[in-house]
Amino acid sequence: MEQVRVRFAPSPTGYLHIGGARTALFNWLFAQKNGGKFILRIEDTDTARLKEDSVSQILTSLRWLGINWDEGPEQGGEYGPYYQSERQELYLAEAERLVNEGKAYYCFCQPDELEAEREKQRQLGKPYRYTGKCTAIEPAEVERRLQQGQKPVIRLKVPPTGTIIVNDLIHGSVRFQNEQLDDFVIIKSNGMPAYNFACVVDDYAMKITHVMRAEEHLSNTPKQIHIYQALGYSLPAFAHMPMILAPDRSKLSKRHGATSVEEFRGQGFLAPTIINYLALLGWSPKNEQEVLSINEILAEFTLENVSKKAAVYDVKKLTWMNGLYLNSIDIDEISGQAIPFMISQGLISNIDAKDNYDYIKKIVAAVRERVKTLAEVADAAQYFFKDVEYYDAKGIDKYFKKEGTAELLAEGSKRLKQLTDFNLETTERVYRELIEEKNIKGGDIIHPTRLALTGKTMSPGLFDVMVLLGKETCLKRLAAAIRYIDER
RNA sequence: GGCCCUAUGGUCAAGUGGUUAAGACGUCGCCCUCUCAAGGCGAAGUCAGGGGUUCAAUUCCCCUUAGGGCUACCA
């Protein structure tokens, strides 16, 4: 059996969005599952829409997600180059072959005349199709115009009747009538191949066995099949996977907030979360398990379980899942990833990150249990690195205004001060004794103390916070809080 | 407009010609508790509408509707 070869072929017009990432993931999974190769190809034939840095952004996102390619940019391979802009000769050669075989022809029509014709047909309520006007131009005349320096396009001759059946691995067989098609452009006047043509030529040249892409390409497939047939190529298998839609069910775009992998990364989502969540969008395992490592996904993955229905992504569920990963992944790994967030929030410096790593790690460990993203880890870690500048307004009302609070804090402070060994056990014991003696509820002193120490109404367990902060800092902040209450 | 795809709770989604139509996120209660998370327990909430076929349709067929895609010298 021939080796499975699949590809992901992004166009470098921006960041890698989650729909693209999911397509890449499914291709990657399919390749792994079948012992095949996953190829990355850059479709950069639209010179007008190219964006600087887009390729490196896409590569960075894929690598961060752990989706590695066997052949492609920065990786090489025997079917390169993997940038379409570098494969122009091949496209031109194949297109000219079609012209010589009478299966394609030069067309000298100008864009504006075409547009005018299109508009006319639209007003008549008729579907527009190219008239085929240039089909009849004599070879000598073609030659003459080329000599003159005219820049024609090349169009494929499409049979006026007949049916193309696309056998899709996900959608089954889908029929398209040739009458719907016209003689479409395969080489643009600037010499660049049009998408459908480059795609077919490359998929064949790169020995792609399974073309798996987003559903938006299903309607392009009959055109591509015409190209395969004209070129005398054998057909690959096709699988069109459902699209990922924005929450309002429209196509993903910038106005929908975060849609790119980089944005989610910047918000503190973890790669395994994104992989896991994306896998669940459009695919579901046979069993009920939803939290799956990439290896578990791999073990379960089949095209049969891929849905036909477009899916809307839900940041809430993504966030929930991220919380799970944040707390199950090795603490060193999480700390390492949280540090850049702490640095960018100005909590620590690069030097601190090295010198105080063990301390930072303890803080991350304490704090991560109650947050969901790396950005939130940094938020929640603030008061370990900076003085408390203000107290939460609701907290003041709730905990600082009660009669006798300052005295209680003073008493707690006094007892903490006497501790020579300042640890989890001793700090809690001192407080519990105080609570016992005063016959108050634990919260009566714990809450104001938390507010004094952190400025917030929520934090890790109070005694964990105390120990992490250290005796000196605790006493200092308690004193500051007492002063604050007294001054009011 | 033409052609194509799709249609199970707010979202993801399992599922079948006969089921009390799973599960997850979210939401709402309750429990636990030093706060917040987490966790535990429980609740509300779905087969888009209309026709067929059938003893029986959420499931099969048709229409309508809705959403999405293609209809470019974009990919």
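Reckoned from all heavy atoms, side chains included, excluding hydrogens, waters and symmetry mates. On a predicted model such as this, the values are computed, not experimentally measured, just so you know.
- Residue contacts for A/R175: at a heavy-atom cut-off of 4.0 Å it reaches the sugar-phosphate backbone alone, with no base atom in range.
- Taking atom C1' on both B/C73 and B/U58, the two are 48 Å apart, rounded to the nearest angstrom.
- Of the listed nucleotides (B/A75, B/G23, B/G69), B/G23 has the atom at the smallest distance from the side chain of A/E290.
- For the residue pair A/D379/A/Q345, the side-chain donor-acceptor check at 3.5 Å is satisfied.
- For B/C47, there is no paired nucleotide, since no Watson-Crick or G-U wobble pair has both relevant distances below 3.5 Å.
- Distances from the side chain of A/K309 to the nucleotides B/C34, B/A13, B/A24 place B/A13 closest.
- At the phosphate of B/G10, neither OP1 nor OP2 sits under 4.0 Å from any side-chain N or O atom of A/K316.
- Note on A/T45: only backbone sugar-phosphate atoms sit closer than 4.0 angstrom, heavy atoms only; bases stay farther off.
- Residue A/K394 places none of its side-chain N or O atoms closer than 4.0 Å to OP1 or OP2 of B/U35.
- For A/L218, counting side-chain heavy atoms from C-beta on, the closest listed nucleotide (B/A24, B/C4, B/A37) is B/C4.
- Taking atom P on both nucleotides, B/G9 is separated from B/A48 by 6 Å, rounded to a whole Å.
- For A/L114, the listed nucleotide lying nearest its side chain is B/C73; candidates were B/C12, B/U11, B/C73.
- Nearest nucleotide to the A/H171 side chain, out of B/C5, B/A13, B/G15: B/C5.
- The A/Q180 side chain lies nearest to B/C3 when the options are B/U11, B/C36, B/C3.
- In this structure, A/F400 and A/Y484 have tilted ring planes: the angle between them lies in the 30° to 60° band.
- Heavy atoms of A/H217 sit under 4.0 angstrom from at least one base atom.
- Nucleic acid contact class of A/R249 (heavy atoms, under 4.0 Å, all strands): sugar-phosphate only.
- Between the side chain of A/N220 and the base of B/A75, a donor-acceptor pair under 3.5 Å is found.
- Of the possible polar contacts, none joining the A/R145 side chain to the A/Q150 backbone as a donor-acceptor pair under 3.5 Å is found.
- Each of B/C73, B/U11, B/C5 was ranked by its minimum atom distance to the side chain of A/V312; first place goes to B/U11.
- Look at A/K188 and you'll find a side-chain N or O under 4.0 angstrom from OP1 or OP2 of B/A75.
- The side chain of A/S459 contributes no N or O atom lying less than 4.0 Å from OP1 or OP2 of B/U35.
- If you check B/U6, B/C4, B/C73 against the side chain of A/V185, the one that comes closest is B/C73.
- Looking at which nucleotide of RNA chain B each of A/L281 and A/F463 is closest to, the 5′-most match is held by A/L281.
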